[in-house]
Amino acid sequence: MSGLITLHGWGRERLTEILDKAEGYVASAQSTAFSGATVTCAFFEASTRTRLSFERAAHRLGAYVMGFSPELSSVTKGESFKDTILTLTAIGTDVFILRHTLADAADLAAGWSGRPVINAGLGSREHPTQTLIDALTLRQEFGRLDGLRMAIVGDIRNSRVARGHLIALPTLGVELTLVGPTPFMPQDNPWGVRTSTNLDDELGDVDVVYLLRIQAERGSSADIPSSAGYARRYGMNEERLSMMKPTGVVMHPGPINRGVEIDDATADSERSLLVRQVANGVPVRMAVIAEALEGVR
Amino acid sequence: MIVVRNARVLTPSGIEDASVVIEGDTVHSVGAEPEANGHQVIEAGGAWLGPGLVDLHVHLRDPGQTWKEDMRSGARAAAAGGFTALVAMPNTDPPVDDRTTATAAVERAAGIEDVEIVAAGALTRGRSGEALADFDGMFEAGVRIFSDDGDSVPTAGLLRRAMAYLRDLPGALIAEHAEDRSLAATGHLHEGEVASRLGIAGLPALAEELVVARDLLLAATTGTRLHIQHVSTSGSLDLIRRARAEGVEVTSEVTPHHLALEESAVEGLDTNFKMYPPLRGRDDRVALVEALRDGTIDVVATDHAPHTTAEKEVPFEEAPRGVIGLETAAAVVATNALGGDPRLFFERMSIAPAGIAGLSRHGRLVEKGSPANLVLFDPNLRWVPGGFASKSSNSPFAGIELTGRVLMTIREGKITYEGGSG
Ligand SMILES: [Zn+2]
């Protein structure tokens with residue numbers, strides 16, 4: 001049973017293979033390759049962008065998409081997570097696309113349903129399709145990943161995107177530095193990566209500044225006195241952009257908080273890859289869904 | 001009469017290869033080989049015979065959550081694990097916090113045959129952490145151990161009042177679960193490598209150590225006997241050592257799982273590895289084993305905390321805390337932590353806990369006239385835990401081969417458990 005819960009254990013070849021597959025979908029037309037297949041988007045945590053991107057990807061492969069959001073369903077009536085998964089399985093689905101606040105929700109859902117599960121964001125654990133999207137976007141921009149230097153800036157402790165990057169990007173040759181105030185740093189550094197509390201010191205050395213938003217929903221706004229102060233120390237702006245190499249770029253997984261981690265001019269500058277990241281969401285997710293569906297056929 | 005032949009017996013003069021004759025509720029003789037005319041003869045084959053094990057920390061869930069466990073099933077599990085006495089934590093529903101609930105617990109415990117159940121009482125009314133519980137009513141009902149286990153007493157002011165009051169009640173003991181809520185509230189596992197990797201909020205070692213430090217300072221100033229429950233960090237051990245050197249009357253316990261397992265065991269988010277305090281790092285585990293050997297930690301206590309499979313089969317962060325331990329403790333401790341030393345094994349799992357709980361018929365060296373509360377333990381027998389006598393099976397050791405198994409448990413001369421052949 002394939003599916004994609006974590007990129008942990010994926011080697012360079014495996015990662016490159018899925019990126020190549022995604023690249024092949026970038027300019028592809030509407031397909032009927034998977035007509036008759038059903039994909040269920042089970043989102044137990046709010047999301048518009050990721051969900052739309054997955055739905056669009058499934059449609060382009062010709063699959064039928066079932067949607068599920070707990071606020072519209074009996075989960076609010078206390079139906080357990082397990083019962084919900086079993087119900088959706090019984091209704092009939094080939095693959096689950098799951099977003100949940102809890103780290104092991106996808107592993108449990110896969111066990112209960114016997115279906116491949118694609119992780120669309122699990123708590124603060126990992127968001128593997130975002131990591132693949134960013135890898136693809138960078139490969140398109142620089143023509144390579146090997147030797148690129150990236151500073152991940154912001155609320156890393158609560159970021160599933162950062163954890164996915166920490167798992168997979170070093171395997172692809174990207175050198176990571178974690179930047180942010182100490183309360184935003186993971187308590188431990190099992191990845192053995194560089195850390196820094198001073199963004200300005202890092203800017204001249206990196207090819208990519210990868211910005212994260214403050215995850216207020218996970219309580220991290222209580223970890224800093226004010227977002228204004230944060231913006232002055234870590235917010236990306238034109239002045240900081242000018243401290244980067246001329247080829248340096250800015251990325252963000254969205255949604256962005258303009259004026260906090262990024263100002264308008266930077267977000268909209270040609271050094272910003274934000275729009276391309278969003279656009280690459282569809283082909284990357286097509287590749288991941290296609291692999292999962294190929295696995296159940 | 002029961003005759004146990006060819007055992008390695010823990011006697012006042014050390015470990016002796018001997019046969020032991022039990023008559024009624026008493027050890028009749030040690031050493032002499034009796035004529036086997038009609039007696040029940042048990043061939044020990046060199047297994048250890050010593051005082052029945054005593055567990056200072058068990059959750060029996062009775063009354064209130066008897067689908068997880070009740071006094072009877074908990075007692076069966078205890079007997080199967082070699083225990084002849086246990087202390088039942090008061091976090092039942094309703095909690096044991098006054099004369100009525102304490103009397104009910106003591107009376108129902110008296111009807112249990114497989115193990116002696118000692119009821120502990122809460123430190124605060126309703127375990128709410130707001131006002132002192134009815135110490136006098138519970139004391140008169142026979143309660144001597146007071147604990148809000150599951151939570152620390154939240155404020156120094158309230159704990160100081162509890163200590164000051166209990167100091168005057170002879171034999172009273174405060175047992176504290178050390179966990180600062182403001183540091184631990186959102187945590188689900190040790191704040192270390194695995195928590196960082198998985199992005200799950202952790203419980204820092206500091207959450208335990210702050211409360212241990214506070215409690216030791218309060219015990220030093222009030223002069224009240226203090227017992228620290230389930231110590232899990234090396235920092236707590238340093239604090240205990242320092243306090244002891246300064247004359248503070250403090251004892252402590254460690255669980256079998258904290259002696260045998262580390263945070264890496266939680267990597268797969270199996271909820272049978274979720275408990276508070278959480279499994280810590282390697283340095284902590286090694287320090288706990290060392291401290292149990294050198295006596296900084298006085299006893300092993302299981303923190304047996306049953307939950308059903310359905311309750312545990314949920315996402316890790318939503319799973320209830322706790323694991324069962326009665327039936328696996330002897331094996332985990334004897335072979336894993338104490339390296340097969342029978343004297344130390346009985347000291348930490350029977351003699352010392354019986355002393356702390358004031359149980360005069362338990363934890364006694366085996367000799368003519370000593371109470372027949374005994375366990376026969378084969379330190380070499382390999383077995384795989386499963387099919388538990390407990391109503392619950394949330395054990396981190398289920399399905400894992402252990403070395404060392406209880407062959408027989410005897411309470412007041414009656415065999416309460418016999419098995420362990422495979
Ligand atoms: Zn406890």
Side-chain angles (χ1 to χ4, degrees), chain A residues 5-9 44-45 79-86 98 100-112 119 121-127 155-167 178 183-193 195 212 215 218-220 222-223, chain B residues 180-209 233 235 262-274 277-284 307-321 394 396:
Chain A
I5 295 176
T6 174
L7 294 171
H8 185 81
F44 291 81
E45 192 186 64
E79 186 172 273
S80 77
F81 174 50
K82 181 178 181 180
D83 291 333
T84 306
I85 293 298
L86 293 179
L98 183 80
H100 206 289
T101 51
L102 301 172
D104 53 348
D107 310 78
L108 291 171
W112 292 328
N119 170 358
L122 288 177
S124 300
R125 176 181 168 190
E126 197 175 338
H127 192 4
D155 182 5
I156 292 147
R157 182 179 293 188
N158 289 299
S159 172
R160 53 191 169 213
V161 173
R163 282 196 180 73
H165 287 20
L166 283 159
I167 289 168
L178 307 181
F184 281 178
M185 288 290 154
Q187 290 88 347
D188 227 61
N189 183 357
W191 312 276
V193 294
T195 61
L212 300 169
Q215 305 242 343
R218 297 185 213 283
S220 46
D223 290 334
Chain B
D180 180 274
R181 204 174 294 173
S182 69
L183 285 174
T186 58
H188 299 279
L189 72 173
H190 173 57
E191 185 179 287
E193 195 179 320
V194 177
S196 288
R197 203 185 283 286
L198 295 174
I200 300 177
L203 290 91
L206 190 61
E208 173 174 313
E209 291 155 6
T233 80
E262 300 167 3
E263 63 168 329
S264 54
V266 188
E267 190 105 45
L269 294 178
D270 180 338
T271 57
N272 286 336
F273 292 82
K274 180 178 181 178
L279 299 175
R280 303 288 186 183
R282 169 144 314 168
D283 291 350
D284 290 311
H307 298 289
T308 65
T309 303
E311 290 166 332
K312 277 285 195 181
E313 204 181 57
V314 295
F316 192 85
E317 291 154 79
E318 292 183 344
R321 31 161 100 182
N394 53 312

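The chains referred to below are lettered A, B, ... by the order of the sequence lines, with proteins before strands, and numbering in each begins at 1.
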Distance, nearest 0.5 Å, that separates CG of A:L108 from CD of B:E318: 9.5 Å
Heavy-atom contact with chain B under 4.5 Å, split by part of A:T101: backbone
Partner chain A: residue of B:E313, B:H188, B:R197 with the largest heavy-atom pair count (under 4.5 Å): B:R197
B:I200, B:L269, B:D270 screened by side chain to side chain contact (heavy atoms under 4.5 Å, CB included) with A:D104, the one that passes: B:L269
Proximity breakdown for B:E191 and chain A, heavy-atom pairs closer than 4.5 Å: side chain
Non-hydrogen atoms of B:L198 and A:A103 that approach each other most closely: O-CB, 4.3 Å
Region of A:L102 that comes under 4.5 Å of a non-hydrogen atom in chain B: both
Backbone N/O of B:S196 and side chain of A:R163: donor-acceptor pair under 3.5 Å: yes
B:V314 and A:S80, any side-chain heavy atoms less than 4.5 Å apart: no
